[in-house]
Amino acid sequence: MVPLYVRDFIGFGDIVGESRAVTLFRCAAVLSESLTKFGQAAVINGLLEEVALKSGLETWEVEKQLRDGIARGTKSGGTPCESP
């Protein structure tokens with residue numbers, strides 16, 4: 001749902017030259033389309049799941065923390081929240 005080039009741009013931001021503006025535009029467009037088409041949870045999962053798994057967390061823990069974090073963020077109405 002979230003293309004690799006978006007995750008790379010967010011994670012590394014190491015694109016140089018004229019392609020930076022084009023990549024930023026493409027990232028904004030695809031995230032906007034994804035939010036509309038798939039919903040907020042799918043985009044959040046798409047951005048965070050792979051990194052979390054690579055960090056060593058178990059699949060069940062990644063799924064739980066993403067689910068609980070999204071629920072908490074939705075419940076808080078966009079106000080900053082601390083860890084559970």
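All values derive from a computational prediction rather than experimental measurement.
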> Does any pair with a residue in residues 32-52 pass salt bridge (Lys or Arg N to Asp or Glu O under 4.0 Å), and if so which ones, sequence neighbours excluded?
Replying inline: Arg7-Glu50, Glu50-Lys54
> Shared ILVMFWY cluster between Val62 and Val51, side chains joined below 4.5 angstrom?
Replying inline: no
> CG of Asn45 to CG of Leu48: how many Å apart, nearest 0.5 Å?
Replying inline: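 Going from CG on Asn45 over to CG on Leu48, the span is 7.5 Å.
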> If every non-hydrogen atom of Thr74 is compared with every non-hydrogen atom of Gln40, which pair is closest and at what distance?
Replying inline: OG1-NE2, 4.3 Å
>> Is any side-chain heavy atom of Val30 closer than 4.5 Å to one of Val2?
In response: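 In short, these two side chains do not touch, never coming nearer than 4.5 Å.
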>> Tell me whether Glu61 at atom CD has more than 12 heavy atoms from other residues, nucleotides or ligands lying less than 6.0 Å away.
In response: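 Yes.
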> Between the main-chain N or O of Leu31 and the side-chain N or O of Ser34, is there a donor-acceptor pair closer than 3.5 Å?
Replying inline: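 No: the side chain of Ser34 does not pair with the backbone of Leu31.
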> Looking only at atom types and distance, does a side-chain atom of Ser32 sit under 3.5 Å from a main-chain N or O of Ala28, one as donor and one as acceptor?
Replying inline: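 Between the backbone of Ala28 and the side chain of Ser32 there is no qualifying donor-acceptor contact (under 3.5 Å).
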